[in-house]
Amino acid sequence: MDKHFDTTDCYVIEGKLALPYTYFAGRVGSTFITTIRDKQKIMGVKCNSCNKVFVPPRQTCERCLEDIRDNWVELSNIGEVVNFTVVRYDDKHLSRKAPFALAMVKLDGADTPMVHILEGIDLQEIQIGMKVRAVFAEKSTNTILDIDHFEPV
Ligand SMILES: [Zn+2]
């Protein structure tokens, strides 16, 4: 407990929980991840009503509410940085040591950006609009980190 926190009139029990769990990404999310893992291809889904291509893919178009889960389209591994931030703190849930960059990358052919790690460039040199490419991981973790990072083209 924080020594500066007065607990004299509090009933407090400290403990530890172990919480095993299994997370299922759903059919659409699973296809997205396993296609990156097995074919090193980034897939999106297209809405045939408004023609928007969503990456990461989703089951339903957020604009038309059309069911788009089966409308797969292959996307380029190259895209454009539409926004970014520099992470300046370490966290055990983050896969990189700070400081590092997270970018919103809109792949060529997509209408929505995906967030991923941007490396291979000085943090001060990152610019909105720059072209970047996906670098696939050599060893699969069966996660979105099967794209290891993006780097400038
Ligand atoms: Zn739509």
Side-chain angles (χ1 to χ4, degrees), residues 1-5 13-47 51-63 67-153:
M1 287 300 275
D2 186 340
K3 287 178 183 145
H4 306 289
F5 184 65
I13 297 175
E14 293 195 23
K16 203 173 187 181
L17 289 175
L19 188 61
Y21 68 95
T22 300
Y23 170 74
F24 174 51
R27 194 160 69 99
V28 171
S30 294
T31 299
F32 178 60
I33 295 293
T34 57
T35 306
I36 291 170
R37 178 193 68 197
D38 299 337
K39 299 177 182 168
Q40 300 202 328
K41 287 181 179 173
I42 305 171
M43 305 291 286
V45 288
K46 181 177 183 179
C47 175
N51 287 323
K52 299 287 182 201
V53 174
F54 295 92
V55 184
R58 50 179 56 222
Q59 191 164 307
T60 308
C61 177
E62 66 190 11
R63 298 149 215 239
D67 186 333
I68 56 175
R69 74 183 82 182
D70 293 321
N71 308 345
W72 291 100
V73 289
E74 184 180 340
L75 294 161
S76 172
N77 295 341
I78 292 176
E80 178 185 326
V81 172
V82 296
N83 214 332
F84 69 95
T85 189
V86 176
V87 178
R88 298 192 184 278
Y89 62 91
D90 286 320
D91 184 288
K92 64 181 176 180
H93 301 293
L94 298 174
S95 68
R96 299 294 196 275
K97 284 279 181 196
F100 68 95
L102 283 177
M104 293 175 76
V105 176
K106 195 164 87 169
L107 294 172
D108 293 350
D111 291 294
T112 57
M114 59 185 288
V115 175
H116 214 297
I117 297 157
L118 178 58
E119 293 183 332
I121 182 171
D122 286 343
L123 297 174
Q124 296 80 4
E125 304 288 317
I126 300 171
Q127 290 185 355
I128 289 172
M130 68 187 303
K131 283 286 188 182
V132 292
R133 118 178 74 225
V135 177
F136 293 94
E138 289 183 15
K139 196 166 171 232
S140 173
T141 53
N142 204 23
T143 68
I144 191 60
L145 290 175
D146 281 4
I147 299 172
D148 189 70
H149 61 275
F150 280 80
E151 68 179 14
V153 171

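As the structure is a computational prediction, the values presented were derived from the model and not from experiment. The figures that follow rest on heavy atoms only: side chains count, while hydrogens, waters and symmetry mates do not.
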Beyond-backbone contact of [X] with [Y], side-chain heavy atoms, under 4.5 angstrom:
X: Phe150; Y: Val135; result: no
X: Val132; Y: His116; result: no
X: Pro152; Y: Met130; result: yes
X: Ile33; Y: Thr143; result: no
X: Thr141; Y: Asp146; result: yes

**Request:** Could you check Leu107 against Asn77 for side chain to side chain contact (heavy atoms under 4.5 Å, CB included), going step by step and ending with a plain yes or no?
**Result:** CA-CA 7 Å; Leu107 294 172; Asn77 295 341; 5.9 Å; no
**Request:** Evaluate side chain to side chain contact (heavy atoms under 4.5 Å, CB included) for Ile147 paired with Ile117, printing each intermediate quantity in order.
**Result:** CA-CA 9 Å; Ile147 299 172; Ile117 297 157; over 6 Å; no
Can you list everything that forms a salt bridge (Lys or Arg N to Asp or Glu O under 4.0 Å) with [X]? Sequence neighbours excluded, please.
X: Asp67; result: Arg69
X: Arg58; result: Glu62
X: Asp91; result: none
X: Asp148; result: Arg96

List in chain and number order the residues that pass side-chain hydrogen bond (donor to acceptor under 3.5 Å, both in side chains) with [X], two or more places apart in sequence or in another chain; answer none if no residue qualifies.
X: His149; value: Glu119
X: Ser95; value: none
X: Asp108; value: Lys131

**Message:** Give me each pair satisfying ring-ring contact (aromatic ring centres under 6.0 Å, His included) with a member in residues 82-112, each pair once, sequence neighbours excluded.
**Reply:**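 Found none.
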**Fill in**
Residue pairs meeting ring-ring contact (aromatic ring centres under 6.0 Å, His included), one or both in residues 22-47, sequence neighbours left out, come to none
**Asked** Pairs in or reaching into residues 29-42: which pass side chain to side chain donor-acceptor pair (under 3.5 Å), with residues at least two apart or in two chains?
**Response**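 Output for this query lists Arg37-Asn142.
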**Item:** Contacts of type side chain to side chain contact (heavy atoms under 4.5 Å, CB included), residue Thr60, not counting sequence neighbours
**Value:** Leu65
**Request:** For a side chain to side chain contact (heavy atoms under 4.5 Å, CB included) with Val53, tell me which candidate from Val45, Val73, Ile68, Thr112 qualifies.
**Result:** Val73
**Request:** Using the salt bridge (charged side-chain N to carboxylate O under 4.0 Å, His left out) rule, collect all pairs that involve residues 16-34, keeping only residues at least two apart or in two chains.
**Result:** Arg27-Asp70
